[in-house]
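Inspection log for the structure reproduced underneath, given as structure tokens.
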Protein chains: 2
Amino acid sequence: MSPPLMVRFHGGAAGAWRVTRMHALAGAPLPAVARLAVEESADPSPVAGIAWSLRGSTGNLRYTSRVEANSLAMRQQGLARPDARRAALIPIRKNAAWWALAQDERRAILEEESRHIAIGMDYLPAIARRLHHCRELGEPFDFLTWFEYAPEHEPAFDEMLERLRAQREWHFVEREVDIRLVRDAA
Amino acid sequence: MSPPLMVRFHGGAAGAWRVTRMHALAGAPLPAVARLAVEESADPSPVAGIAWSLRGSTGNLRYTSRVEANSLAMRQQGLARPDARRAALIPIRKNAAWWALAQDERRAILEEESRHIAIGMDYLPAIARRLHHCRELGEPFDFLTWFEYAPEHEPAFDEMLERLRAQREWHFVEREVDIRLVRDAA
């Protein structure tokens, strides 16, 4: 477990990732942009032509048990694999009812009922994932989840999202934007 | 459950709270200051004579179950009670081993073993408390806990801290500063 890493996602005219689609599934969309830059620096430098900027911090496990964490660690792969030329950034905000729940209530909905962790596990190692928290940073979203995969795994990625979004956990999602990206050949 | 509130604690020459004692129980101390200002504004204004500034955000329950949350809600009182003229600010940082634990492991140490929530409950409503998270803000501490109580409850407060610090949860605390405060008569 590394120390928290602050990551900034800049939507605009520059960046390594070309935006192929932006779709608001719930709540307000984000302004359309051509490219996305991902910046992991704690001390951000100015980026030209930014339309919007979202930031979030990696952090400790909030719901995952030791047994689940060990299963994930055995299967998952890191970011920046050479063949993972597709990505998705999915910012999500959950509603006040979700955040008013106690820890055991949220865990019960997220996993015992909605199988969030188990569904994600079904798509490892093809779909790599990093979660960033931003609710307590005063940001417009609660989470920014970043996914990376090879082009041939995009159908599997879509299937995973469809399964997750059909669960009761998603009744608590009040804003969700699905941003698809392609890394240009070097 | 209110939305997250960013709170700044400014140690220096100004502020409603007079510092009576600063004691580092683990790790580096904080520079000695005469007064503490507590600022709840999201848009902070400059404060004169600041020696150090810590910030944290209130947030959702991380470990507390529904049963525990209901018991707490029945007993606890809010901040700023007229007779609560004493306060303590206790910044804490836990070590890497704590943050590498999964959610079920941290809960088991915090409550099933160390009775953190139950011990705090024993001192309600006398000791009012608000927890601020700052690990993911890039701050030097992980938590800032703020306590308020009437002068006659300071021995009970000391007893509560002694009980908590004797638990195994505290083996994971690598930095802790105990700052005691008095609110001057208006």
* Carefully, step by step, assess A:Gln103 and B:Gln103 under the rule side-chain contact (heavy atoms from CB on, under 4.5 Å). => CA-CA 10 Å; A:Gln103 177 68 24; B:Gln103 176 69 23; 3.4 Å; yes
* Sort A:Ser65 into side chain, backbone, both or neither according to what part of it lies under 4.5 angstrom from a heavy atom of chain B. =>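 Backbone plus side chain of A:Ser65, per the 4.5 Å heavy-atom cut-off to chain B.
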* **Heavy-atom contact with chain B under 4.5 Å, split by part of A:Arg107** =>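 No part of it gets close to chain B.
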Hphob cluster co-occupancy, [X] + [Y], side-chain heavy atoms under 4.5 angstrom:
X	Y	answer
A:Leu30	A:Val173	no
A:Leu144	A:Val7	yes
A:Trp146	A:Leu161	no
B:Met160	B:Leu131	yes
A:Tyr63	A:Ile109	yes

* With a 4.5 Å cut-off on heavy-atom pairs, point out which of A:Gly138, A:Ser57, A:Cys134, A:Ala69 contacts chain B the most. =>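 The residue among A:Gly138, A:Ser57, A:Cys134, A:Ala69 with the greatest pair count is A:Ser57.
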* Best-contacting candidate, A:His133, A:Arg66, A:Glu105, A:Glu68, against chain B by heavy atom pairs under 4.5 angstrom ->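 The option with the most such pairs is A:Arg66.
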* **Non-hydrogen side-chain atoms of B:Leu61 and A:Arg106 separated by less than 4.5 Å** =>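 In contact.
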* Residue pair B:Leu137 / A:Met6, side-chain heavy-atom distance below 4.5 Å ->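 No, side chains not in contact.
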* Basic-acidic side-chain contact under 4.0 Å: A:Arg62, B:Glu136 ->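 Yes, charged N to carboxylate O under 4.0 Å.
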* Check B:Arg135 against A:Pro3 and note the closest heavy-atom contact, atom names and distance. =>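 Minimum heavy-atom contact is NH2-CA, 4.2 Å.
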* Asked: Is the side chain of A:Asn60 donor-acceptor paired with the backbone N or O of B:Ala100 at a distance under 3.5 Å, no angle test?
  ->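 No; judged by distance alone, with no hydrogens or angles, the pair does not exist.
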* Asked: Is the count of non-hydrogen atoms from other residues, nucleotides or ligands lying under 6.0 Å from B:Glu112 atom CD greater than 12?
  ->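 Above 12, so yes.
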